[in-house]
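Before I ask anything, here is the structure I am working with.
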Amino acid sequence: MTGVSVTAVTKSFGTTDVLKGVSVDVSKGEFVSLVGPSGCGKTTLMRIIAGLETASSGGVMIEGRDVTTLRAADRDVAMVFQNYALYPHLTVAQNLSVPLVMRRLSSWQRIPFVGPFVGDAKAKLAAIADETKRSAEMLGIGHLMDRKPAQLSGGQRQRVALGRAIVRHPRVFLMDEPLSNLDAALRVQTRAEIVALHRRVGAATVYVTHDQSEAMTMSDRVAVMMDGEILQIATPEEIYLNPADIRVASFIGSPRINTFPAEAGPDGVVRVDAHETGLMSAARGPVTFAVRPEDIRPENNSHDSRGIPAHITHVEFLGDCTLLHAETAANKTPVICRIAPDRQARTAVGEQIRLCPDPARSFLYEVNGKRLRTSQPSMQAAYV
Amino acid sequence: MSDASPAIALGSATSAHMRPRVLFPDIAAGWFLTLPAILAYVLMILLPLLGVLLLAFTDYEFGSKSFNWIGLENFAAMTADRTFLASIRNTVVYCLFVVPLSIGLALLLAILIEAGARGRTFFRAVFFLPVVSLTVAMATAWQYLLHPSIGPVNVVLRGLGLGAPNWLGSSDWVLISLGIIGVWDNVGFNLVLFLAGLTTIPRDLYAAAEIDGAKGAWSRFTLVTWPLLGPTLLFVIVITMTRSVRVFDTVQTLTQGGSNHASEVLLRTIYQEGFHYFKFGYSAAITLVFLAIVLAIMLVQTRLIDRRVHYG
Amino acid sequence: MKDLPRLAVLGMAAMIMLVPYVWMLAVSVKPQDEVFSASLTLLPEKWALIENYGKVLRTIPVLTFVMNGLIVCFGILFFQLLFAVPAAYALAKLNFRGREVLFGFVMLGLLVPYQTTALPLYLGFHQAGLLNSYTALIAPFTCSVFAIFMLRQFFKALPDDLIAAARIDGMGEFSIVWRVILPNAWPAMTAFAIFSVVAHWNDLFWPLIVIQKGDLYTPAMGILAFRSVESGDDYGVLMAAATLVAAPLVFAFLFAQRRFIEGVTMSGLKG
């Protein structure tokens with residue numbers, strides 16, 4: 001059953017179009033990331049799903065119910081904020097209990113001092129205390145119940161924020177860059193914990209981040225957003241191996257994919273700087289040729305004239321691999337090749353090499369972005 | 001003054017045995033730089049303060065050649081002095097009137113201003129105007145407004161069939177009138193402080209409250225606004241109370257303590273006793289009472305509430 | 001429009017707030033008989049602007065009062081900053097024995113309203129023959145513990161590296177204060193400047209005590225004096241006088257609103 005369904009949502013602030021018709025479905029129990037650079041609209045989309053913003057057009061449905069016009073408090077979503085947004089004057093226990101108190105106790109029962117004596121408030125409060133304790137234990141913060149947020153570390157605060165979200169057993173679980181305020185080591189550790197938590201909760205989870213590695217490692221599906229549009233939404237493998245748009249290819253993957261301005265000649269052969277790439281296309285004219293650093297090999301200049309001539313400008317030894325930066329005539333930005341460390345001996349700065357891309361793993365795009373279909377000529381054996 | 005060498009400048013990085021040399025340039029510079037301020041402080045604040053302490057226990061009158069130590073007699077005299085007692089009573093009543101009203105109104109207006117995007121600068125400016133307007137001048141304007149016969153306020157009241165009190169002339173109404181002017185004076189100041197406090201509340205907290213189910217304006221106020229305004233509120237209370245206790249300009253301009261000492265206030269009594277009757281000793285004693293009240297306000301407020309209000 | 005109720009309430013409150021100003025201006029251009037007719041109309045039937053304002057300008061030297069106000073306020077400000085900036089810097093950035101004690105005195109000073117020291121100060125100035133002088137008006141306020149406190153907070157937030165770099169460049173402490181700290185303290189200083197000017201322009205208590213000579217009257221005293229001259233019969237003229245002396249700061253405020261408000265709020269929330 002679909003947890004969240006976003007249909008053709010647009011959002012404009014004055015004359016600026018922040019979202020230009022976005023649709024995405026997240027199933028119950030699925031973990032979907034919205035990933036993209038700052039300003040791409042991912043946070044706005046999340047806030048529209050949450051009900052904190054209203055869409056200019058389009059609709060949002062949660063578990064089959066149209067919530068487009070409902071405010072956040074009525075939508076039964078839970079959200080973890082980038083800066084946690086914990087109530088600084090309340091203890092951890094109180095912070096965790098706020099969502100339950102606000103929803104289960106009537107206004108009369110919430111009046112300070114006298115509220116707890118009204119009706120069944122006592123019983124409800126006891127149940128709430130129970131549930132918050134359990135959620136706290138699940139997150140490993142059960143021993144911090146009486147502390148205030150100011151007395152907690154960043155990681156602990158984050159758990160309280162998570163706790164406040166899960167204590168309601170929400171249908172939809174929204175997270176807005178929750179890891180961006182943690183230091184690097186803690187981030188990696190917490191990633192796994194969040195995914196584990198997601199599986200226990202079993203809700204539809206939408207996770208916003210600008211860090212593509214976070215999105216790739218945590219999600220069932222990744223939605224790459226840029227300039228207010230979802231460019232591609234697919235599994236991490238699909239996104240990586242089959243990027244549908246040059247912008248997706250450039251954004252996902254580290255180091256960045258190498259792009260070359262290329263020309264699809266009248267014979268259908270794609271060339272970079274008059275050097276054949278091993279790809280053929282039905283398109284004609286200028287195109288963009290893209291290949292990832294691990295799929296392009298530096299060969300000695302002494303080889304025959306295959307490959308694109310380049311000279312090495314920088315070598316980075318990373319331990320498990322080496323990154324070569326090379327400059328070609330065609331490209332202003334350096335091309336990066338990832339090679340196994342044992343090839344170190346043959347590479348030095350200034351050396352002339354020829355770059356040989358693997359056509360089976362290269363991509364071709366229209367200059368403005370869309371993926372083009374390619375085929376390889378039967379002579380491909382010579383390039384492999 | 002020394003031009004410290006680089007090694008000494010990076011004081012924190014030096015090892016322990018070098019520390020005495022590190023402090024030397026700082027000590028000289030430190031005292032040298034603070035010297036003018038220290039001199040001014042001693043001359044204009046510290047010594048006079050001691051002077052007041054001494055005077056309070058004498059019967060010195062300005063112009064007389066000698067004086068006697070009379071111990072606590074001044075304070076004893078105060079307890080029997082009708083004017084002084086009226087002064088204390090009036091100052092307290094004035095504070096009780098002005099403080100809650102000006103704070104409550106300012107808070108309400110601040111929340112209203114913050115709640116929307118339009119007109120913020122305009123309204124802020126309008127409400128702040130009294131703070132920068134010469135108090136004596138505006139008091140004069142109020143005098144006209146509150147004039148029993150030709151003042152617009154009474155003209156309107158009479159037109160509505162309600163009574164038209166003698167605002168500044170009658171001993172029943174004078175404190176209230178001064179209080180109204182006081183609230184008018186203070187609202188803008190408090191408003192601006194609340195506005196600044198409101199803007200420090202992270203927007204995310206309101207979003208979190210909404211997600212948690214806080215639907216109405218009242219829920220948002222009790223869950224987020226009120227608790228987070230704590231430090232600001234404390235400050236505003238202290239500031240308003242000390243400003244109110246120091247009321248002088250409006251009284252001196254409009255009523256001179258009348259009618260029948262109904263608007264006599266502490267600072268005016270100090271002024272009268274000291275600079276009209278030239279009873280410096282007695283005036284100094286009253287000054288000490290005044291100081292004690294101000295100190296009490298500041299210390300009690302900050303100690304009692306401070307810890308609960310600051311969240312680290 | 002959802003905003004309408006909010007704007008309506010604020011609008012009404014604003015109108016009430018402005019009532020004294022509106023009437024002050026309205027009456028200042030009305031002739032005496034119209035004032036006494038107790039009508040609620042704002043505009044006069046016969047404009048007495050020249051008469052009223054003319055009378056004010058003839059009877060009291062408004063310009064002199066404003067000049068005095070400016071001299072006193074800016075004189076006070078000058079010395080306050082002159083003393084407070086180096087002191088605040090020393091207390092914030094330099095490590096020297098006795099620093100905490102000095103700061104303790106600063107905190108003590110914050111608790112004491114200036115009116116408490118009026119009597120001995122008066123005696124002192126009298127002995128020195130300095131009553132009825134600009135010195136008497138300016139000197140008592142030259143040590144502003146509030147300025148020291150506020151500037152110290154601000155300076156503490158300045159990076160230590162800035163000062164370390166200056167020392168490496170060979171600057172002595174004195175130069176550091178005036179060439180490095182001062183330019184960086186601009187926002188705090190303007191905020192304080194406005195706070196100080198407003199406070200002292202409005203001050204009545206102290207000038208009332210030390211000034212008897214008419215040509216040294218500050219604006220507040222000037223109005224008070226005018227009131228006794230006028231004996232409060234011609235409200236039109238009275239309002240004209242009030243308008244004239246209140247105008248300078250009001251205009252300055254309207255011109256530089258943000259600065260004024262910063263000046264006031266800075267005092268509170270950083271502290």
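Note on naming: letters A, B, ... go to the chains in the order of the sequence lines (proteins, then strands), and numbering restarts at 1 for each one.
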> Which bit of C:Met239 is near chain B, if near means a heavy-atom gap under 4.5 Å: side chain, backbone, both or neither?
Replying inline: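 Looking at C:Met239, just its side chain touches chain B.
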> If you count heavy-atom pairs under 4.5 Å between each of B:Asn154, B:Leu55, B:Ile113, B:Leu46 and chain C, which one has the most?
Replying inline: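 Ranked by heavy-atom pairs under 4.5 Å with chain C, first place is B:Ile113.
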>> Given heavy-atom pairs under 4.5 angstrom as the criterion, report whether the side chain, backbone, both or neither of C:Phe141 touches chain B.
In response: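 Contact with chain B: none, neither part.
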> Side chains of B:Gln256 and B:Arg268: is there a donor and an acceptor less than 3.5 Å apart?
Replying inline: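 No - no donor-acceptor pair under 3.5 Å links their side chains.
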>> Need one label for B:Leu267: side chain, backbone, both or neither, based on atoms under 4.5 Å from any heavy atom in chain C.
In response: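 For B:Leu267, the contact with chain C is made by backbone and side chain together.
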> Contact part of B:Val245 toward chain C, heavy-atom cut-off under 4.5 Å: side chain, backbone, both or neither?
Replying inline: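 Neither part.
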> Given that the side chain runs from C-beta out, which part of C:Ala84 has a heavy atom under 4.5 Å from chain B: side chain, backbone, both or neither?
Replying inline: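 The answer is neither part of C:Ala84.
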> What part of B:Leu49 gets closer than 4.5 Å to chain C, counting heavy atoms only: side chain, backbone, both or neither?
Replying inline: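 It is both, since atoms from each part get that close.
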> At a heavy-atom separation under 4.5 Å, does B:Phe123 approach chain C through its side chain, its backbone, both, or neither?
Replying inline: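 Contact with chain C is through the side chain of B:Phe123 alone.
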> Is it the backbone or the side chain of C:Val177 that comes under 4.5 Å from a heavy atom of chain B, or both, or neither?
Replying inline: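 For C:Val177, the side chain is the part near chain B, not the backbone.
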> With a 4.5 angstrom heavy-atom cut-off, which part of B:Leu145 approaches chain C: side chain, backbone, both or neither?
Replying inline: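 For B:Leu145, the side chain is the part near chain C, not the backbone.
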> When only pairs under 4.5 Å are counted, which of C:Trp23, C:Phe79, C:Tyr114 shares the most heavy-atom pairs with chain B?
Replying inline: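 Most heavy-atom pairs under 4.5 Å with chain B: C:Trp23.
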>> Need one label for B:Ile38: side chain, backbone, both or neither, based on atoms under 4.5 Å from any heavy atom in chain C.
In response: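 Side chain only.
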> Of the listed residues (C:Leu123, C:Val112, C:Leu82), which shares the most heavy-atom pairs with chain B below a 4.5 Å separation?
Replying inline: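 Top count of heavy-atom pairs under 4.5 Å with chain B: C:Leu123.
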>> At a heavy-atom distance under 4.5 Å, which candidate from C:Met24, C:Gln257, C:Met221, C:Arg99 has the highest pair count against chain B?
In response: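 Maximum pair count with chain B is reached by C:Gln257.
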> What's the verdict on side chain to side chain contact (heavy atoms under 4.5 Å, CB included) for C:Ile148 and C:Phe105, showing C-alpha distance, side-chain angles and the deciding distance?
Replying inline: CA-CA 11 Å; C:Ile148 297 180; C:Phe105 275 107; over 6 Å; no
> Please walk me through it: do C:Tyr122 and C:Leu131 pass side chain to side chain contact (heavy atoms under 4.5 Å, CB included)?
Replying inline: CA-CA 8 Å; C:Tyr122 181 83; C:Leu131 287 178; 3.7 Å; yes
>> Between C:Tyr21 and B:Ser133, do the side chains contain a donor N or O and an acceptor N or O under 3.5 Å apart?
In response: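 Checked: B:Ser133/C:Tyr21 side chains pair up, N/O donor to acceptor below 3.5 Å.
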> Which class fits the ring pair C:Tyr217 and C:Phe65: parallel under 30°, tilted 30 to 60°, perpendicular over 60°?
Replying inline: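 Rings of C:Tyr217 and C:Phe65: tilted, 30 to 60°.
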> So B:Tyr41 and C:Leu102, side chain to side chain contact (heavy atoms under 4.5 Å, CB included) or not? Walk me through it.
Replying inline: CA-CA 11 Å; B:Tyr41 184 92; C:Leu102 283 181; over 6 Å; no
> Which atoms of B:Leu191 come close to chain C, meaning under 4.5 Å heavy atom to heavy atom: side chain ones, backbone ones, both, or neither?
Replying inline: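 Neither part.
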>> Report which part of B:Tyr60 has an atom under 4.5 Å of a heavy atom belonging to chain C: side chain, backbone, both, or neither.
In response: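 For B:Tyr60, the side chain is the part near chain C, not the backbone.
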> Would you say the side-chain atoms of B:Asn190 and B:Thr240 include a donor-acceptor pair closer than 3.5 Å?
Replying inline: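 Indeed, the side chains of B:Asn190 and B:Thr240 share at least one donor-acceptor pair under 3.5 Å.
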>> Tell me if the CZ atom of B:Phe278 is crowded by more than 12 foreign heavy atoms within 6.0 Å.
In response: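 More than 12 within 6.0 Å, yes.
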> For the residue pair C:Phe253 and B:Phe128, does the interplanar ring angle fall in the parallel (under 30°), tilted (30 to 60°) or perpendicular (over 60°) class?
Replying inline: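 The rings of C:Phe253 and B:Phe128 sit tilted, inter-plane angle from 30° to 60°.
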> In terms of heavy-atom proximity below 4.5 Å to chain C, should B:Val126 be classed as side chain, backbone, both, or neither?
Replying inline: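 Both backbone and side chain.
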> Do C:Arg227 and C:Leu238 pass the side chain to side chain contact (heavy atoms under 4.5 Å, CB included) test, and can you show the C-alpha distance, the side-chain angles, and the key distance before you say yes or no?
Replying inline: CA-CA 7 Å; C:Arg227 287 168 56 93; C:Leu238 207 53; 3.9 Å; yes
